4 protein chains.
Amino acid sequence: MTKQELVDRRQREIIAVASRVFAERGYHNTGVADIARELGAGHGTFYRYFESKLDLLRHVLDHAVDRIMAALADEDPGASDTAQEYRAQVERIGAALFRLLRDDDHLVRLLTMHASNVDAEITARVSEAAESLFSLTESYLRNGVDKGFLRADLDIEITARGVNGMILLGALNALGREEAINSERWIRGFTDLMFDGITAR
Amino acid sequence: MTKQELVDRRQREIIAVASRVFAERGYHNTGVADIARELGAGHGTFYRYFESKLDLLRHVLDHAVDRIMAALADEDPGASDTAQEYRAQVERIGAALFRLLRDDDHLVRLLTMHASNVDAEITARVSEAAESLFSLTESYLRNGVDKGFLRADLDIEITARGVNGMILLGALNALGREEAINSERWIRGFTDLMFDGITAR
Amino acid sequence: MTKQELVDRRQREIIAVASRVFAERGYHNTGVADIARELGAGHGTFYRYFESKLDLLRHVLDHAVDRIMAALADEDPGASDTAQEYRAQVERIGAALFRLLRDDDHLVRLLTMHASNVDAEITARVSEAAESLFSLTESYLRNGVDKGFLRADLDIEITARGVNGMILLGALNALGREEAINSERWIRGFTDLMFDGITAR
Amino acid sequence: MTKQELVDRRQREIIAVASRVFAERGYHNTGVADIARELGAGHGTFYRYFESKLDLLRHVLDHAVDRIMAALADEDPGASDTAQEYRAQVERIGAALFRLLRDDDHLVRLLTMHASNVDAEITARVSEAAESLFSLTESYLRNGVDKGFLRADLDIEITARGVNGMILLGALNALGREEAINSERWIRGFTDLMFDGITAR
DNA sequence: GATGAATGAGAATTCATTCAT
DNA sequence: GATGAATGAATTCTCATTCAT
């Protein structure tokens, strides 16, 4: 293993610990010394791997965004040709997100609650990630409208934001309750709402 | 004006300023001195009206929750007998929320992003408010299912969380973009999504 | 009652309250607001009667010293011609001091413990009072040596300091215990020690 | 030198500086910044060695009490069988105390004047130390009464308090005057008073 | 390369004093 | 004359960052 690889591994280790601790206690309530203690290292060591506490937060957020994006990358926004197929895609995406949250149950909390009030730059970074997710949802919806299996009069932008909000805040709520996550029920509930609405027919 | 009224007025003034500043810069990035400066007062003055900075935050949050609850209090969750009527209720609620957000554009940001990582007690307070909103949505949905104008197989809990997420995070997005808020478009987009889903028929 | 008399009365009232509170909680732990509250007056009022908190302390100490001096003024240091007579004087002085302490049980504490670490000027003032008491004891002892009823080889200065220490710290101890003050026992114990020493004969 | 030894040494250094400064200026008039300045260190450094300013005071007082107790520990309260022997013991104790005061001329001032009005807990700590000294004197006196070389009718409790007051406040007076301390004269004066009283025979 | 002791900028809070009402 | 709201200097304590070992 080269020297660079060792450095990378240590950085990843620190990011993993910091992700958890930042999500649990918040950026401002977590000291560099806390992170170092959890790592079992001196807190001077920390500065060999990151320029500053803020620099670490940037890496932590980038890592979180990367993981979420990776979970979504398996699906192609243009792949579906029927509502049935799109619904199946959404279910697979939902399942992937739930798997992610089950492994890293602090990911959402990190992004939505704890990282935003640090800095204008950090806020912008989080917003940018949210916009990416929004654009992704938009392209799925556009595909469906173009191919005619989604409503022709769909306001794609508004709907995309609504769908994302439903998913993200729903996920946050799912985590808040400590109940074992019954992912199937959540996914069914959300896809039903998204595809069919609440009205009886 | 009695002395108590003067005290109340000054407290409200401080809460108004702090709501804005906390939302803009975050609780931790805002010093008592900053708040005092914006008030045009010495920072000792602040402590005549609030016990501590944390005490102020509690008041700020309570005030925010009160305003949101007040905006929702005009409607009765059991009033509607048809999907049509319920949709009209939702549109009125949406309009009320948009009016609220137009006046206090930091309200949502305050609750969702900036207040949560201060303290376990503060987190609990925000969660509690979120749960109230969730329960409220649940009672609307239950009314519709009971009366038969909403889908009989609706998973009320999951759907309520989805709907609230759609609204809250959607609102946050709406504010994030600084575009003049076209509330009618947002409301139509969200009600269409909520009542009819995205599928073409 | 003239205006000046009203001012004097109010000043004495404040001094009385402050003597107690300073003795109980210490100068630094007592705020101007505390004194005002006990007086049932606004704390701005305080400044009509005293220049500052420190000025009040000066008056409080002067008053305490005056009371102690007054309690000692009834006896004449040159009056005794025999050890018997001097012992009677000492017993009367002791009784007078105990009466004083019973009325104002904070007087000693005020002088010995709570007033000294405020200021160089205050420390000097307390020392000066202690020196007066010391000189007074010296003149009693000198009278006895001159008249031959006290030991000819008495080191008057040292003995005077010893006797005063015995009395003052003894008094402080007597107050520390909350036991009802059995003044006769204390006076007998101290005069026996002072006149006869501890050695068996 | 181990790390723990370095920490201990630095703590002792801080205690030594603080003992002097607290005694000179008083606890309340001494800021943490003052102590740090005298140490030639940043004031953050202080908090590496003591939890708080109050914690430092506790250590300072404990150290002072330890030194006084150590100076008294060489003598055995039950060792003397004659007044002559006891007087010799008292003279040795007096000499030891004077040596102590010559080295640490702020010790007594610290205990009697400057430490008492900080806190109920601190007051209790000082009182407790005073009670220990009182008990020690009592056991010397009891030994003498039991063996018959001190007066059978001695009120041991009262006398012990008187003797301690004589010594402590006498010592304080001795220090107050800046005259070179002529310890022999003080010791002779006090032992004469204590053993023989002032009456001519 | 790792460490953690030292540092001081910065933050919250207190309280004696002033002064407009 | 009395009041207490306003003030800001001063104080204690925290913690990100540096750097000598």
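Proteins come first, then strands; the chains are lettered A, B, ... in the order of their sequence lines, and each starts at number 1. Keep in mind that what you see is a predicted model, and the values were worked out from it rather than measured.
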> Across all strands, who's sitting opposite F:dA20 as a Watson-Crick or G-U wobble pair, both distances under 3.5 Å?
Replying inline: E:dT3

> Please give, in whole Å, the distance from E:dA16 P to C:Arg37 CZ?
Replying inline: 11 Å

> Rounded to the Å, how far apart are B:Tyr47 OH and F:dA9 C1'?
Replying inline: 15 Å

> Has A:Ser52 got a side-chain N or O lying under 4.0 Å from the OP1 or OP2 atom of F:dA16?
Replying inline: no

> Does C:Arg48 make a side-chain N or O approach to OP1 or OP2 of F:dT3 shorter than 4.0 Å?
Replying inline: no

> Roughly how many Å is it from CZ in D:Phe46 to P in E:dA5, rounded to a whole number?
Replying inline: 17 Å

> In whole angstrom, what separates B:Leu39's CG from F:dG8's P?
Replying inline: 13 Å

> Hey, which of these two, C:Glu51 or B:Asn29, hits DNA chain E nearer its 5' end, going by closest nucleotide?
Replying inline: B:Asn29

> Has the side chain of D:Tyr49 got a donor or acceptor atom that lies under 3.5 Å from a matching backbone atom of D:Arg12?
Replying inline: no

> Is a donor-acceptor contact shorter than 3.5 angstrom present between the side chain of D:His43 and the base of E:dA9?
Replying inline: yes

>> What's A:Gly31 touching, base or sugar-phosphate or nothing? Going by heavy atoms closer than 4.0 Å.
In response: sugar-phosphate

> Could you give the CG-to-C1' distance, from C:Asp34 to E:dT14, as a whole number of Å?
Replying inline: 12 Å

>> For the OH atom of D:Tyr27 and the NZ atom of D:Lys53, what is their distance to the nearest 0.5 Å?
In response: 4.5 Å

> Does the distance from a Lys or Arg side-chain N to an Asp or Glu carboxylate O, for B:Arg125 and B:Glu121, drop under 4.0 Å?
Replying inline: yes

> So what does C:Phe50 touch, heavy atoms closer than 4.0 Å: a base, only the sugar-phosphate, or nothing?
Replying inline: nothing

>> Quick check on DNA chain E: between B:Lys53 and D:Tyr49, whose nearest nucleotide comes earlier from the 5' end?
In response: D:Tyr49

> To the nearest angstrom, how far is B:Tyr27 atom OH from E:dA12 atom P?
Replying inline: 8 Å

>> Minimum heavy-atom separation for C:Ala33 and C:His43, please, with both atom names.
In response: CA-CB, 4.2 Å

>> Under 3.5 Å for both donor-acceptor distances, Watson-Crick or wobble: does E:dC15 have a partner, and if so which one?
In response: F:dG8

> Considering heavy-atom distances to DNA chain F, does D:Leu54 or C:Ala41 have its closest nucleotide positioned more toward the 5' end?
Replying inline: C:Ala41

>> Distance check needed: F:dA2 C1' versus C:Leu6 CG, whole Å only.
In response: 14 Å

>> What is the separation between atom CD1 on D:Ile35 and atom P on F:dA10, rounded to the nearest whole Å?
In response: 18 Å

>> Using a 4.0 Å heavy-atom cut-off, does C:Ala36 contact any base of the nucleic acid, only the sugar-phosphate backbone, or nothing at all?
In response: nothing

>> Please classify the nucleic acid contact of D:Ala33 as base, sugar-phosphate, or nothing, using heavy-atom distances under 4.0 Å.
In response: nothing

>> Set out, in order, the CA-CA distance, both residues' side-chain angles and the distance that settles side chain to side chain contact (heavy atoms under 4.5 Å, CB included) for A:Ile35 and A:Leu56, then state yes or no.
In response: CA-CA 11 Å; A:Ile35 295 169; A:Leu56 171 60; 3.7 Å; yes

> In terms of the nearest nucleotide of DNA chain F, which residue is placed more toward the 5' end: A:Val32 or C:Arg10?
Replying inline: C:Arg10

> Would you say the side-chain atoms of B:Asp34 pair up with the backbone N or O of B:Thr30, donor to acceptor, closer than 3.5 Å?
Replying inline: no

